[in-house]
Amino acid sequence: MEKKSKYDHKKIEAKWQKKWVKDKTYETKDPSTGSGRAGSKKPKAYVLDMFPYPSGDGLHVGHPKGYIATDIYSRFKRMNGFNVLHPMGWDAFGLPAENYAIKNKINPEVAVKKNVKRFREQIDKIGFDYDWSHEINTTDPKYYKWTQWIFLQLYKKGLAHESWEPINWCPSCKTGLANEDLENGKCERCGSEVEKKPMRQWILKITDYAERLLSDLDALNWPESVKESQRNWIGKSEGSEISFPIKTKYKYVLLHGWRSSSKTCFFPWLKKELEAEGHEVIALDMPHPLLPDVVEQADYVLSKVKFDENTILLGHSLGSVVSYRILEKLKTPIHKLILVAGLIEPKFRDHDRLLAKYLMSWKFDFEKIKKTVGEIVILEDNNDVIIPDGESNVIKQALGGYNYRLEAEKAHFCGTVEPLVLEHSLDKIKVFTTRADTLFGATYLVVAPEHPIIERLSPQIDNIKEVRKYVAKASKRTEIERTAEGKDKTGVKLEGLTAINPVNNKEIPIWVADYVLPDYGTGAIMAVPAHDERDYQFAKKFNLPVIQVIGEDLPTRLENWGQAYAGYGKLINSGNFTGMESTKAKGAITKLARGQMVTKYKLRDWVFSRQRYWGEPIPIIHCPKCGVVPVPEKELPVVLPKVKSYEPTGTGESPLAAISKWVNVKCPICGEKAKRETNTMPQWAGSSWYHLRYIDPKNNKALVDKKKEKYWSPVDVYVGGTEHATRHLIYARFWHKFLFDIGAVSQTEPYARLKNQGMILGADNRKMSKRWGNVINPDDIVRDFGADTLRVYEMFMGPFEQGASWSTDNLMGARRFVEKVWRLSQRLRTAGSSSKALEVLLHKTIKQVTSDIDNFNYNTAISALMILTNEWEKVGGVTKEDWLIFLKLFAPFAPHLAEELWSNPPAGGGQKGSIHLAKWPEFDEKKLVSDTVTLVIQVNGKTRESIIVDRDTSQEEAVKMALNNDIIKKWVGEVVPKKIIYVPNRLLNLVV
RNA sequence: GCCGAAGUGGCGGAAUUGGUAGACGCGCACGACUCAAAAUCGUGUAUCGCAAGAUGUGAGAGUUCGAUUCUCUCCUUCGGCACCA
C-alpha cells in the first residue's frame with residue numbers, strides 16, 4: 001500500500017520561507033571579501049526587476065509576473081554556479097505616492113512606510129529569493145543624498161541649468177511636466193490637457209547625449225520594439241540648414257569700440273560679408289580711438305553719414321554708447337540698432353583700465369532712442385571678460401528689443417570672424433530641410449507662429465495686425481487642437497516681406513502657419529509643395545505655385561495627381577542640377593546655397609523640476625549676489641522637511657516655498673541671506689540610478705564602491721513592463737552614460753539585456769482595476785492554491801512577453817500538475833533502472849528546460865516537465881536518481897515543493913543542503929538519441945505512412961521497407977519512383 | 001501616414017537551417033471509482049465524411065518533391081511615433 005499523505009501547501013511554504021531566511025540561503029556574496037566563499041571567484045549574474053512604487057492598492061496578480069520570471073532565472077543561475085545579485089526595493093517618491101497620501105489625508109512619508117510594509121508581506125508570500133540586505137528606498141535621505149549628488153555633478157558639467165522657456169503644465173497635477181510625461185498632448189498620469197506655461201524650471205540636457213543614446217541601442221540585447229520606440233523618440237534626421245535672405249537692402253553703419261578701429265576685430269570681415277549680400281556698409285574710424293568723449297564721436301559720425309529708415313546701426317562695446325548719443329540726436333527714424341556686447345553703465349570687470357579715468361556718468365534718453373529705432377537686437381557674450389553679467393538685461397529693460405545670450409568666437413566678441421554677429425545683423429530666415437535637393441521647387445517659406453522674426457520685423461510687415469491675431473489664436477490653442485484639425489491647414493501671409501531663394505534668386509513670399517512647429521529644426525521651413533504633402537495641401541488651399549523638381553521619368557503634370565510626390569528621383573527644373581540624383585543633389589545644392597549639413601533630433605531636453613512636495617529637493621541655493629549656488633557636497637543630503645500642508649499650491653511654486661525656516665539659508669559663498677530652490681525632482685530621478693545603489697546599498701562615502709561596481713555591472717537581465725520604454729529606460733541610460741563620462745561607473749550602458757513582461761488582464765479581458773472589479777489579489781491565490789501553483793500558472797500562461805487574461809480554470813491545471821509531482825514523489829522506485837526511451841526523454845528535458853530558462857521560454861519549459869511526469873505516471877513510477885534530477889529542474893519554478901521533496905520527502909530519506917544551492921543537472925549529448933526513429937513516408941509530398949526504423953537506416957533499406965508497406969504500395973502502384981528524397985531519420989518522399 | 005510585432009482548433013498556446021501542423025494545458029464528451037458528488041485516473045477531442053479519403057496555420061498568388069516556416073500583393077489586430085519639414 002502506498003502511504004497516502006496530503007499536499008499541504010500552506011504548511012510547506014511557510015516552513016521553507018522561514019528556513020531560507022534563517023539559513024541565508026540566498027545571500028549575495030560580496031566580491032571584495034576575497035577568499036573562501038567570496039563571490040569574486042565566481043561568475044556573476046545581476047538579475048533586476050523594475051522596482052515598484054508602493055501604491056496603496058497593494059499588488060495584484062499581474063505585478064509578480066515579472067518577479068517570478070526573475071526569480072526563476074536567478075535561482076537557475078545560482079544553481080549553475082553564479083554569484084547572484086537579485087535585489088528588491090521601493091520607488092516611493094513621486095505623484096502616485098503623494099496623491100495617495102493627499103487623498104487619504106496621511107503624510108506621504110507615513111503612507112509610504114505603510115504601503116511598503118504591505119507590499120513586502122505580499123511579496124514574501126510568493127517565495128522569492130531576494131536578498132533583502134540589499135533593499136533600497138528612493139525616499140531614504142541616505143539614498144537621495146546620492147540622487148542629489150548626481151544632480152550636482154550634472155550641474156557642474158553644465159548639463160543642468162535653469163530655463164524660462166514655456167513648458168507643459170498640467171493644471172490637475174499642478175506641476176510642470178517633461179515631454180516624456182505626455183501622451184498625445186495630455187498628461188500621462190491624469191489625462192488632463194496640458195497648457196504651455198512660461199515658468200522657471202530646471203532642465204537636464206539629455207539632448208547632448210542624443211546621438212549616443214541612439215547609436216548605442218544597436219548593441220543592446222533588448223526587445224526590438226523597445227529599441228524602436230527609443231529610436232522614434234530620439235527622432236534623428238539628417239538634413240541641411242539653409243538661409244533665405246530677406247529682400248530689403250540696407251545701409252549698415254558699424255561703430256567700433258574702445259581702442260579698436262574699423263580695421264580690427266570682426267569689422268573688416270563683417271563689412272565684406274554684408275557687401276557680399278548687396279548691402280551698403282559704412283565702417284567709420286572715429287577720430288579718437290580712445291573714445292574719451294562719446295559726444296564728440298557721435299557728432300563726427302553724424303557729420304559723415306546720412307541716416308534714414310533703411311539704416312542699420314551696429315555698435316560694438318563702447319561703440320554702442322556712441323550709438324545712443326547718435327540716436328538721441330537723430331530726427332528721422334532708422335531701421336534697426338544692433339548692440340554687440342553693448343553697455344549702459346560704466347561698470348567694468350577690470351577697474352584698472354585706462355578707460356575708467358575718462359569716464360563720466362552716462363545718461364541717455366532711452367525713450368527717445370526707442371522711438372527712433374524700429375528694431376533693437378542685443379547680443380551678449382556668455383563669457384564676456386569685460387562687461388559684467390546681466391548688463392544686457394539692464395539694456396533690455398531700458399530699450400526693449402531682443403536679447404540673445406551667445407557664445408562668441410572670442411570673449412567680448414573680439415574674434416576676427418564672428419558669425420553670430422553676421423547672423424543677427426542680416427535679416428535672414430534659416431530653415432531646416434531634409435530635402436535640399438528640392439530647393440529649386442521651394443515656392444514659399446513658412447515660419448511657426450512663435451518665430452521671433454515676426455516681431456523683429458514687425459515694422460516691415462504690412463498686415464502685422466492680422467498676423468498678430470493669427471499668432472495669438474495659434475498660441476491659445478492647445479497642442480491637441482492644433483494637431484486634431486489634422487490636415488486642414490491655416491496660415492497668414494506676411495505682407496511686405498519677401499525672401500530670396502539662394503539658389504536661383506527668385507523672390508518668394510513668407511507665411512506664418514501653425515503646421516510648422518516652433519520647437520523643431522529652426523521653426524521655419526522652405527515649402528516645396530510638389531514634393532511634400534503638407535506643403536502641397538497648404539499651397540492648394542492658398543493658391544501658391546507648385547513647381548515640380550523631381551522625377552524626370554514621372555508625368556510632369558503634377559496637378560493631375562492630387563498629391564505631392566515625396567520620393568527620390570532625378571532632378572528637373574533645377575538649373576545646373578537637372579538630371580542629378582536626389583541623394584547626390586542634397587549635398588551639392590546645400591553647398592551652392594551656402595548652407596550646411598546638420599543633424600536634428602526630436603528628443604527634447606528633460607524638464608527636471610516639479611512644483612510638488614514629495615520628491616528629492618533640488619540641491620541649489622539662490623543668492624541675490626552670487627546667483628545660482630550649488631549646495632556644497634558635504635552638506636548633502638538636503639533633507640525634505642516635514643510639513644503640515646503638502647498639497648500642491650498650483651501657483652507654480654512648490655509647497656516647500658512656504659516653509660520659511662527651511663527656505664531661508666545663508667549663501668555658501670558669501671554668507672549673505674539666500675533662499676533654497678523649492679522645486680523637487682521628478683519621479684524618474686531616483687530610478688535613474690537605483691541599479692547602482694543595489695550593488696552597494698549602505699555606502700555613505702561614495703555613490704558606489706568602484707570595485708563592487710566593476711564586478712556587478714552591467715545588469716545582466718532586467719525585467720519590467722513596456723510602459724517604461726521612453727521614460728525610465730531613456731533617463732537611466734542618460735544618467736548612466738553621464739556617470740561613465742565622469743568616471744563614476746565602468747560601463748556605458750546600465751542594462752545589457754531587457755525582457756518585457758506581458759500584462760495579465762482580468763478574466764474579462766480588461767486591465768485589472770478596482771473600477772472593473774476584476775482584480776485578483778495574489779494573497780488569496782497563495783492562500784487557496786499555494787505560491788508554487790501561482791508561480792507555475794503565471795509562467796505557463798503563454799509566452800512571457802505576451803499578455804494573457806486570468807483564468808481560474810487554467811490555474812487549476814497548474815495546481816493539478818503540482819499535485820501530480822507530489823504524488824509521484826510517493827511512487828519512487830528504489831531499485832531498477834529506467835527504460836532507454838525514458839532516459840532519452842529525461843536528457844531531452846534537461847536540455848530543453850536549460851535553454852528555455854535562459855531564453856525566458858518558461859511556458860515550454862513547464863510543458864517539458866509535464867511531459868516527463870506524464871510518462872513516469874504512465875509507467876507507474878520513477879527511479880530515485882531520475883527523480884532528483886527532475887526536482888532540480890522543477891526547483892526554480894516551485895521552490896517550496898521542490899525543497900520539501902528534496903530535503904524532507906514524505907517517504908523519508910531527504911537530501912542534505914538546500915536544493916536551491918544544488919548543482920544544476922547536465923544532459924548527456926549521447927543519451928539524447930534513441931535507437932529507433934519514426935520515419936515519415938510521403939508519396940508526392942503527401943504523408944501516407946510512418947514506420948519505426950533503426951537509427952541511421954540507409955536510403956536503400958528505407959525505400960525497400962517503404963515499397964513493401966501495404967499502404968505505400970497502394971499509392972505507388974507498380975511504377976518505379978521517378979525521384980526519391982531521403983532525409984535520414986526523418987522522412988522519405990517518393991515522387992511518382 | 002510612418003515604423004515595429006503578430007494572425008495556427010471551442011480557448012491559452014507548441015512546432016521555423018523548409019520535412020508527420022495542433023506538443024503541453026484548459027474546456028468538452030465518454031468510461032472507471034462512488035449510493036451520489038467532488039477529486040483522481042483512463043480514452044477521445046482541427047473540419048467535412050459511415051469509411052476510404054479530402055480539406056486545413058488571416059486572404060490571394062509564387063518558389064519547391066514538400067511551405068505555419070521563404071518571396072510578392074492584400075486584409076486584420078496590437079504597440080510606438082505622429083503636421084518632426
Side-chain angles (χ1 to χ4, degrees), chain A residues 183-185 223-237 239-240 431-436 438 442 446 448 482-489 513-517 519-528 531-535 537-538 566 600-604 722-723 725-726 756 758 792-793 796-799 801-805 807-814 816-817 819-820 823 857 859-870 873-874 934-946 970 977-983 985-992:
Chain A
E183 217 165 54
N184 298 321
E224 200 46 46
S225 61
V226 175
K227 292 207 239 180
E228 202 52 36
S229 291
Q230 294 211 349
R231 286 189 194 109
N232 276 338
W233 192 257
I234 294 165
K236 180 178 180 173
S237 63
S240 317
V431 305
F432 174 66
T433 178
T434 54
R435 294 300 303 271
T438 63
V446 190
R482 269 202 198 184
T483 51
E485 285 158 32
K487 302 276 178 329
D488 190 25
K489 303 279 182 288
D514 66 4
Y515 83 92
V516 173
L517 305 173
D519 297 332
Y520 185 76
T522 58
I525 60 152
M526 63 178 214
V528 186
H531 304 292
D532 182 283
E533 193 53 34
R534 295 151 301 182
D535 298 340
Q537 274 160 14
F538 193 81
K600 297 280 180 197
Y601 301 90
K602 285 198 261 177
L603 183 72
R604 298 273 80 93
T722 43
E723 66 273 20
T726 53
N756 286 130
V792 168
Y793 168 56
F796 191 60
M797 286 177 101
E801 309 210 51
Q802 213 170 285
S805 42
S807 152
T808 305
D809 276 344
N810 287 0
L811 174 77
M812 287 302 301
R816 259 173 236 152
F817 169 59
E819 282 181 8
K820 187 181 277 186
R823 272 203 314 277
N857 293 330
N859 55 333
T860 47
I862 291 169
S863 158
L865 293 174
M866 285 173 169
I867 292 169
L868 192 58
T869 55
N870 287 349
E873 200 163 69
K874 257 184 216 161
T934 308
L935 189 70
V936 171
I937 302 171
Q938 300 183 331
V939 179
N940 291 336
K942 295 210 186 242
T943 302
R944 295 303 177 187
E945 177 67 311
S946 63
K970 202 177 90 190
K978 253 195 291 189
K979 191 173 174 188
I980 294 167
I981 291 122
Y982 185 59
V983 184
N985 300 323
R986 290 199 115 154
L987 157 143
L988 175 71
N989 187 9
L990 306 170
V991 186
V992 295

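Since the structure is predicted, the reported quantities are computational estimates derived from the model, not experimental observations. In what follows, chains are A, B, ... by sequence order, proteins preceding strands, each numbered from 1.
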Quick one: do A:Leu988 and A:Val936 satisfy side-chain contact (heavy atoms from CB on, under 4.5 Å)? Show the steps, please.
-> CA-CA 6 Å; A:Leu988 175 71; A:Val936 171; over 6 Å; no

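With rounding to whole Å, A:Asp514 atom CG is found 9 Å from B:C83 atom C1'. A:Gln802 has its CD atom 12 Å from the C1' atom of B:A14, to the nearest Å. Taking atom OH of A:Tyr793 as the reference point, atom P of B:G13 lies 11 Å away to the nearest angstrom. A:Ile867 places its CD1 atom 13 Å from the P atom of B:G22, with the value rounded to the nearest Å. Distance A:Ile862 CD1 to B:A23 C1': 15 Å, rounded to the nearest Å. The CE atom of A:Met797 sits 17 Å away from the P atom of B:C11 (whole-angstrom rounding). If you measure from atom CZ of A:Phe796 to atom P of B:A23, you get 12 Å, rounded to the nearest angstrom. To the nearest angstrom, C1' of B:G12 lies 14 Å from CG of A:Leu811.
Distance from the side chain of A:Tyr515 is smallest to B:C83 among B:G19, B:A85, B:C83. When distances run from any side-chain atom of A:Pro799 to the nucleotides B:G13, B:C24, B:C81, the shortest one goes to B:G13. Residue A:Asn989 places its side chain closer to B:C65 than to any other of B:A21, B:C65, B:A85. Among B:U20, B:G13, B:A85, the nucleotide with an atom closest to any side-chain atom of A:Asn859 is B:G13. You'll find that the side chain of A:Asp809 is closest to B:C26, out of B:G66, B:G25, B:C26. Between B:C41, B:A21, B:C26, one nucleotide has an atom nearer to the side chain of A:Arg823 than all others, and that is B:C41. Distance from the side chain of A:Ser863 is smallest to B:A23 among B:C26, B:A23, B:C81. Here the nucleotide nearest the side chain of A:Asp532, chosen from B:C65, B:A85, B:G80, is B:A85. Looking at the side chain of A:Gln938, the nearest of the listed nucleotides B:A14, B:G19, B:G25 is B:G19. Taking every side-chain heavy atom of A:Lys602 into account, B:C81 is the closest of B:A23, B:A85, B:C81.
Applying the side-chain contact (heavy atoms from CB on, under 4.5 Å) test to A:Asn985 and every residue at least two apart in sequence or in another chain returns A:Val933, A:Arg951, A:Asp952. Remark: A:Lys236 pairs with A:Glu211 by the side chain to side chain donor-acceptor pair (under 3.5 Å) rule, at least two apart or across chains. Considering only residues two or more places apart in sequence or on other chains, A:Thr860 meets the side chain to side chain donor-acceptor pair (under 3.5 Å) condition with A:Asp852. For A:Gln802, the side-chain contact (heavy atoms from CB on, under 4.5 Å) partners are A:Pro799, not counting sequence neighbours. Considering only residues two or more places apart in sequence or on other chains, A:Asn870 meets the side chain to side chain donor-acceptor pair (under 3.5 Å) condition with A:Lys820. Contacts of A:Ala448 classified as side-chain contact (heavy atoms from CB on, under 4.5 Å), with partners at least two apart in sequence or in another chain: A:Glu450, A:Val516, A:Pro518. Partners of A:Thr869 by side chain to side chain donor-acceptor pair (under 3.5 Å), not counting sequence neighbours: none found. For the side-chain contact (heavy atoms from CB on, under 4.5 Å) test, residues two or more places apart in sequence or in another chain that qualify with A:Ser237 are A:Phe432, A:Thr434, A:Tyr520, A:Lys600. Looking at residues two or more places apart in sequence or on another chain, you find a ring pair (Phe, Tyr, Trp, His ring centres under 6.0 Å) between A:Tyr515 and A:Phe538.
In this structure, A:Thr722 reaches neither bases nor backbone, as no heavy-atom distance under 4.0 Å exists between it and the strands shown. Residue A:Ile525 is classed as a base contact, given a heavy-atom separation below 4.0 Å to a base. Within the nucleic acid shown, A:Gly235 has no heavy atom closer than 4.0 Å to any nucleic acid atom.
Spacing between B:U47 and B:G9 at atom P, rounded to whole Å, works out to 11 Å. Nucleotides B:G53 and B:C28 have their C1' atoms positioned 27 Å apart, rounded to a whole Å. Straight-line distance between the P atoms of B:G22 and B:G27: roughly 22 Å, to the nearest whole Å. Between B:C11 and B:U16, the two P atoms lie 23 Å apart (nearest whole Å). Rounded to whole Å, the C1' atom of B:G13 lies 30 Å from the corresponding atom of B:G62. Separating the C1' atom of B:U76 from that of B:U57 is a span of 16 Å, rounded to the nearest Å. Spacing between B:G66 and B:U20 at atom P, rounded to whole Å, works out to 15 Å. Taking atom C1' on both nucleotides, B:G58 is separated from B:U68 by 12 Å, rounded to a whole Å.
Base orientation of B:G12: anti, since the glycosidic angle falls outside 90° of 0.
Judged by distance alone with a 3.5 Å cut-off, no donor-acceptor contact links the side chain of A:Lys978 to the base of B:C65.
Side-chain N or O atoms of A:Asp535 include one that pairs as donor or acceptor with a backbone N or O of A:Val528 at under 3.5 Å.
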Contact pattern, 5' to 3', of nucleotides 42-57 of chain B - B, S or - by protein heavy atom under 4.0 Å = ----------SSSS--

Using Watson-Crick or G-U wobble pairs with both distances under 3.5 Å, give me RNA chain B in dot-bracket, 5' to 3', with [ ] for crossers and | for pairs to another strand.
-> (((((((..(((......[....)))((((((.......))))))(((....)))..(((((..]....))))))))))))....

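Residue A:Arg986 has no polar side-chain atom (N or O) positioned under 4.0 Å from OP1 or OP2 of B:G66. For the OP1/OP2 pair of B:G80 and a distance below 4.0 Å, the side-chain nitrogens and oxygens of A:Arg231 include no atom meeting the criterion. Remark: A:Ser805 is not in phosphate contact with B:G12, judged by side-chain N or O atoms under 4.0 Å from OP1 or OP2.
Residues A:Lys979 and A:Met812 each lie close to RNA chain B; by heavy-atom proximity, the contact nearer the 5' end of the strand is made by A:Met812. Taking for each of A:Arg604 and A:Ser229 the nucleotide of RNA chain B with the nearest heavy atom, the 5'-most of the two is the partner of A:Ser229.
The one candidate from A:Leu935, A:Leu987, A:Asn989 that meets the side-chain contact (heavy atoms from CB on, under 4.5 Å) condition with A:Tyr982 is A:Leu935.
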Under 3.5 Å between N/O atoms: give me all the protein pairs with nucleotides 67-70 of chain B, atom names plus distance.
none

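The existence of a salt bridge linking A:Glu224 and A:Arg231 is confirmed by a sub-4.0 Å separation between a basic side-chain nitrogen and an acidic carboxylate oxygen. Using a cut-off of 4.0 Å between Lys/Arg side-chain N and Asp/Glu carboxylate O, A:Arg816 and A:Glu819 are scored as not salt-bridged.
Contact annotation: the side chain of A:Phe817 approaches that of A:Leu865 to within less than 4.5 Å [non-hydrogen atoms, C-beta and beyond].
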